[in-house]
Amino acid sequence: MRAVMITGLNGPAALQIHDVDDPVRAAGEVLVEVKAVAPAFPDLLMSKGEYQVKPELPFSPGSDFAGVVLDGPADSEFRPGARIAGCLSYGAAAEKLAVTEDRIYPIPDEMSFEDAAALPMNYLTAHFALVTRGGLVKGDTVMVLGASGGVGSAAIQVAAGLGAEVIAVVSSEERAAVAREAGAHHSVLREEVPDRVRQLTDGAGVDIVVDVVGGDIRNALRCLAPFGRVMAVGFASGEIPTVKVNRLLLTNTDVRGVESDYLWTQGTSRQAWDDLLDLSGRGFITPVVRSGGNLDNYGAALENLSARSVIGRIVLTV
């Protein structure tokens, strides 16, 4: 079979397509024919040796995928022919995979493989940030930084589906339109924060900030209502923010880390996935997908991520 391989830590240029042996399903694993895969920012970092996960060379990148079950344990709910989506730490950029059942999820017949591949990491992370770590309740106001990206647009749709008022913070009018299309009730340019956000909330501030950007978050902190919280999801800007905790003390606010691997180590990802399918069935979840070609275009997709030119999620067909 064909697989994308990282053979050196020289960035996306190091990616190559190799012919490798088909995976052999172990006991407790499911064999999957991959139909679509969605490159992600961790792939870019891993290709340069800059991610906390450092697989031994050579290895395949790829976290989010969708496909069809070929074989599995006799007692598995995932029978041959079942349509699934899945999420790995790496290794999904291949024509076939052998994966454990806790890493795959059922998808409805009406959902395309391309849409399904765009869901797992981003939407499970958004759900974890908002519900588990953020304690979102209906009627909250949520501000999303980096709202036109993959996790940002996912956070918009999950928050709106759960009954929150959503304010999207973006860098351009083009990205503002994408955020509103994704379901944001309001869009604000970065330079308008915090003043415009305070106006939109009648001075009350926001309950939750979902931050995938990092960098200087002082203006985000100025947007918080009492007991508001910033959810630190990622650092796409390349700069890890620092916070003076005296401000948190004086305003009764806080900053919370979001490490979604907890979903798998604690075995709670399936419950979150079922919640997401419910939101999808009620029309709240429609991933913003950009077709990026096929496996041969994996390196180019990561180059686009590096240039921060991607709106939504790139998905490749397999």
Side-chain angles (χ1 to χ4, degrees), residues 1-7 15-40 42-43 46 53 55-56 58-124 261 263-265 267-274 276-277 280-281 285 287 289 291-298 301 313-318:
M1 70 169 188
R2 300 172 78 240
V4 179
M5 301 297 292
I6 293 176
T7 57
L15 271 65
Q16 302 174 5
I17 299 291
H18 285 202
D19 287 318
V20 299
D21 293 337
D22 283 10
V24 177
R25 181 181 72 80
E29 289 185 331
V30 175
L31 186 65
V32 176
E33 180 183 25
V34 178
K35 297 293 187 180
V37 62
D43 297 335
M46 274 190 273
V53 177
E56 182 178 346
F59 66 93
S60 291
S63 55
D64 287 352
F65 65 94
V68 176
V69 172
L70 297 175
D71 189 24
D75 60 349
S76 173
E77 71 167 294
F78 300 105
R79 311 300 297 166
R83 305 171 80 254
I84 57 92
C87 185
L88 303 175
S89 296
Y90 60 91
E95 292 179 332
K96 295 179 183 178
L97 301 173
V99 299
T100 54
E101 291 186 60
D102 64 327
R103 287 286 181 165
I104 60 175
Y105 311 98
I107 59 174
D109 290 341
E110 62 270 18
M111 183 178 290
S112 71
F113 290 119
E114 291 76 17
D115 281 358
L119 290 180
M121 178 185 288
N122 288 348
Y123 282 81
L124 287 169
D261 192 54
L263 286 164
W264 290 279
T265 60
T268 60
S269 68
R270 178 59 183 270
Q271 179 181 347
W273 181 261
D274 290 344
L276 292 174
L277 286 189
S280 176
I285 288 181
V289 171
S291 177
N294 54 39
L295 288 182
D296 296 294
N297 305 112
Y298 212 97
R313 190 77 189 271
I314 296 176
V315 178
L316 309 179
T317 56
V318 181

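Quick note: residue numbers are just sequence positions, from 1. Side chains are part of it too, since the values below use all heavy atoms of this structure and drop only hydrogens, waters and symmetry mates.
Side-chain atoms of Val37 and Tyr298, non-hydrogen and from C-beta on, do get closer than 4.5 Å to each other. Counting heavy atoms from C-beta outward, Cys87 and Trp264 have side chains that approach closer than 4.5 Å. Looking at Leu276 and Leu119, their side chains never come closer than 4.5 Å, going by heavy atoms from C-beta outward. Taking the side chain as every heavy atom from C-beta outward, Asp19 and Arg2 approach each other to under 4.5 Å.
For Gln16, the side chain to side chain donor-acceptor pair (under 3.5 Å) partners are His18, not counting sequence neighbours. The salt bridge (Lys or Arg N to Asp or Glu O under 4.0 Å) search around Asp102 returns none, not counting sequence neighbours. With sequence neighbours excluded, the residues satisfying side chain to side chain donor-acceptor pair (under 3.5 Å) with Glu101 are Ser76. Residues satisfying the side chain to side chain donor-acceptor pair (under 3.5 Å) criterion with Asn294, sequence neighbours excluded, are absent altogether. Partners of Ala118 under the side-chain contact (heavy atoms from CB on, under 4.5 Å) rule, at least two apart in sequence or in another chain, are Pro287, Val289, Arg313, Val315. Qualifying side chain to side chain donor-acceptor pair (under 3.5 Å) partners for Ser112, counting only residues two or more places apart in sequence or in other chains: none. In this structure Ala116 satisfies the side-chain contact (heavy atoms from CB on, under 4.5 Å) test together with Ala66, Ala85, Ile107, Met111, sequence neighbours excluded. With sequence neighbours excluded, no residue satisfies salt bridge (Lys or Arg N to Asp or Glu O under 4.0 Å) with Asp43.
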Expected list for residues 27-35: side-chain donor-acceptor pairs under 3.5 angstrom, two or more places apart:
unit_1: Glu29; atom_1: OE1; unit_2: Ala26; atom_2: N; d: 2.9

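The list of salt bridge (Lys or Arg N to Asp or Glu O under 4.0 Å) pairs with a residue in residues 104-119, not counting sequence neighbours, is empty. Within the structure, the salt bridge (Lys or Arg N to Asp or Glu O under 4.0 Å) test picks out the following pairs touching residues 65-94 (sequence neighbours left out): Arg25-Asp71, Glu77-Arg270. Residue pairs meeting the ring-ring contact (aromatic ring centres under 6.0 Å, His included) criterion with at least one member in residues 76-105, sequence neighbours excluded, are Phe59-Tyr90, Tyr105-Trp273.
Residue Asp261 holds its CG atom at 11.5 Å from CG of Leu124, rounded to the nearest 0.5 Å. Taken to the nearest 0.5 Å, the NZ atom of Lys96 stands 11.5 Å off from the CG atom of Asp21. Between the CG atom in Leu97 and the CG atom in Leu88 there is a gap of 6.0 Å [rounded to 0.5 Å]. Here Ser63 contributes atom OG and Arg103 contributes atom CZ; the two are 9.5 Å apart, rounded to the nearest 0.5 Å. Here the straight-line distance linking atom CG of Asp296 with atom CG of Leu15 works out to 11.0 Å at 0.5 Å rounding. A distance of 8.0 Å separates CG in Leu295 from OG1 in Thr317, rounded to the nearest 0.5 Å.
Of all heavy-atom pairs spanning Ala38 and Ala117, the tightest one is CB-O, 3.5 Å. Summarising the geometry of Ala36 relative to Phe113, their closest heavy-atom pair is CB-O, 3.7 Å, with the distance given to 0.1 Å. The minimum heavy-atom distance linking Ile314 with Gly292 is given by the pair CG2-CA, 3.9 Å. The nearest pair of heavy atoms linking Met46 to Ser89 is CE-O, 3.4 Å.
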